[in-house]
Amino acid sequence: MDKKIESIAIDGVAGVGKSTIAKMLAEKLGWKTLETGAIYRAITASLLAKNYDVKDEDFVGNIAHNLFIEVKYLKGVQHVFVDGMDLTAYLRGGAVENNVPFVAKVPEVREKVRAVQRQIAESENIVVEGRDIGTVVLPNSQNKIFLTADPKVRATRRFKQLCAKGQKPSMRKIYADILKRDELDKTRAISPLVPAQDAFVVDTSDMQANEVVDLILTKIKTKEKGLGAER
Ligand code: DC
């Protein structure tokens with residue numbers, strides 16, 4: 001008999017802690033995680049490295065068809081390769097950060113990334129984290145979670161993280177960036193950020209990460225027993 005492959009689809013606003021929650025959940029379940037933003041970031045890094053104009057939507061759309069994207073787990077860490085190059089070390093730089101929204105909104109790019117995501121999710125139990133996982137990528141997933149939190153809370157968390165790293169961040173700038181990213185994600189023409197109809201929406205503003213994880217696991221287990229009432 002075929003083994004049943006399961007997934008948890010986690011979507012949500014920027015800076016809400018999706019990847020932290022996804023990793024903690026995966027650890028508890030013994031599953032892998034797929035951070036899908038990293039794929040959009042790797043494509044952006046690849047295009048920027050070639051000095052391409054990432055704001056030229058037609059050009060990026062044409063190139064997207066021929067990109068060869070691979071996600072590999074090396075010593076348990078997700079790496080993204082584009083055309084054979086491991087771009088994992090270049091995903092968090094300012095240039096990628098500023099340009100990835102232009103790349104992520106191109107339909108041909110989303111189509112390409114969707115196929116990669118589905119192929120991975122079909123092969124093993126996985127927690128997939130992104131913006132359109134429950135709505136577009138894995139609409140049949142039984143476990144859809146949508147995380148949200150007050151933008152001020154998200155900005156404060158980010159501020160503290162950067163301070164802990166010895167940086168001197170501007171709270172005003174962090175807050176403005178979060179509002180800008182929310183706007184871009186929610187108003188995108190394709191795959192805008194919205195909770196799937198059957199998603200379990202969790203407002204994490206007043207919650208610690210371990211509380212969010214416990215709540216999600218309880219919700220999933222309750223559903224498995226057929227006791228959970230859907231929204
Ligand atoms: O989650 P992140 O910050 O690494 O995402 C990087 C960019 O990719 C951001 O602009 C949102 C976009 N993204 C997306 O459009 N769809 C996803 N499933 C994941 C990320």
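Both counts, for ligands and for their atoms, begin at 1 and track the order of listing. Computed from a predicted structure; not experimentally measured.
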- Judging by distance only, is a nitrogen or oxygen of Asp185 under 3.5 angstrom from one on ligand 1? no
- Looking only at heavy atoms, what is the nearest atom pair of Ala14 and Arg154, with distance? O-NH1, 2.8 Å
- Short list, please: which atoms of ligand 1 are under 4.0 Å from a heavy atom of Gly130? 18 (N), 19 (C)
- Query: Looking only at heavy atoms, which two atoms of Val113 and Ile43 are closest? And how far apart?
  - Reply: CG2-CD1, 3.6 Å
- Query: What residue and heavy atom of the protein are closest to atom 19 (C) of ligand 1, and at what distance?
  - Reply: Thr36 OG1, 3.4 Å
- Query: Considering only heavy atoms, does Arg181 approach ligand 1 within less than 4.0 Å through its side chain, its backbone, both, or neither?
  - Reply: side chain
Acceptor/donor pairs from residues 45-57 side chains to any protein atom, 3.5 angstrom cut, sequence neighbours excluded:
{"unit_1": "Asp53", "atom_1": "OD1", "unit_2": "Lys55", "atom_2": "N", "d": "3.0"}
{"unit_1": "Asp56", "atom_1": "OD1", "unit_2": "Asp58", "atom_2": "N", "d": "3.4"}
{"unit_1": "Asp56", "atom_1": "OD1", "unit_2": "Phe59", "atom_2": "N", "d": "3.2"}

- Item | Polar proximity ligand 1 side, Tyr40 side, N/O cut 3.5 Å exclusive | no
- Tightest non-hydrogen contact, residues Arg118 and Pro139, listed as NH2-CD, 4.4 Å
- Closest non-hydrogen protein atom to atom 7 (C) of ligand 1, residue and atom name please, with distance? Val100 CG2, 3.6 Å
- Task: Heavy-atom contacts with Arg41 under 4.0 Å: which atoms of ligand 1 show up? List them by number with element.
- Result: 2 (P), 3 (O), 4 (O), 6 (C)
- Message: To check you understand the geometry: which heavy-atom pair defines the closest contact between Gly130 and Thr36, and what is its length?
- Response: CA-OG1, 3.3 Å
- Message: Tell me whether Glu35 reaches ligand 1 (any heavy atom closer than 4.0 angstrom to a ligand atom).
- Response: no
- Indicate, with yes or no, if Val16 and Phe159 share a hydrophobic cluster defined by side-chain heavy-atom contacts under 4.5 Å among Ile, Leu, Val, Met, Phe, Trp and Tyr. no
- Query: Is there a side-chain contact between Met171 and Leu162 (heavy atoms, below 4.5 Å)?
  - Reply: no
- Query: Got an N/O contact under 3.5 Å between Gln117 and ligand 1?
  - Reply: no
- Message: If I apply the N/O under 3.5 Å rule, does Asp132 come out as touching ligand 1?
- Response: yes
- Message: With heavy-atom distances below 4.0 Å as the criterion, list the atoms of ligand 1 near Ala104.
- Response: 12 (C), 15 (O)
- Item | Closest non-hydrogen atom pair between Ile174 and Pro169, with its separation | CD1-CB, 3.8 Å
For residues 92-107, please give each side-chain donor-acceptor pair under 3.5 Å, one per line with the distance, not counting sequence neighbours.
{"unit_1": "Arg92", "atom_1": "NH2", "unit_2": "Glu35", "atom_2": "OE2", "d": "3.0"}
{"unit_1": "Glu97", "atom_1": "OE1", "unit_2": "Arg41", "atom_2": "NH1", "d": "3.3"}
{"unit_1": "Glu97", "atom_1": "OE2", "unit_2": "Arg41", "atom_2": "NH2", "d": "3.1"}
{"unit_1": "Asn98", "atom_1": "ND2", "unit_2": "Gly94", "atom_2": "O", "d": "3.2"}
{"unit_1": "Asn99", "atom_1": "ND2", "unit_2": "Ala95", "atom_2": "O", "d": "2.8"}

- ligand 1 N/O within reach of Arg131 N/O, cut-off under 3.5 Å: yes
- When you measure from atom 20 (C) of ligand 1 to every protein heavy atom, which one gives the shortest distance, and what is it? Gly37 CA, 3.5 Å
- For atom 16 (N) of ligand 1, which protein heavy atom lies nearest, and how many Å away is it? Arg110 NH2, 3.0 Å
- Output, in order, the C-alpha distance, side-chain angles, deciding distance and verdict of side chain to side chain contact (heavy atoms under 4.5 Å, CB included) for Lys186 and Val194. CA-CA 7 Å; Lys186 287 175 185 165; Val194 282; over 6 Å; no
- Message: So for Lys18, does at least one of its heavy atoms come nearer than 4.0 angstrom to any atom of ligand 1?
- Response: no
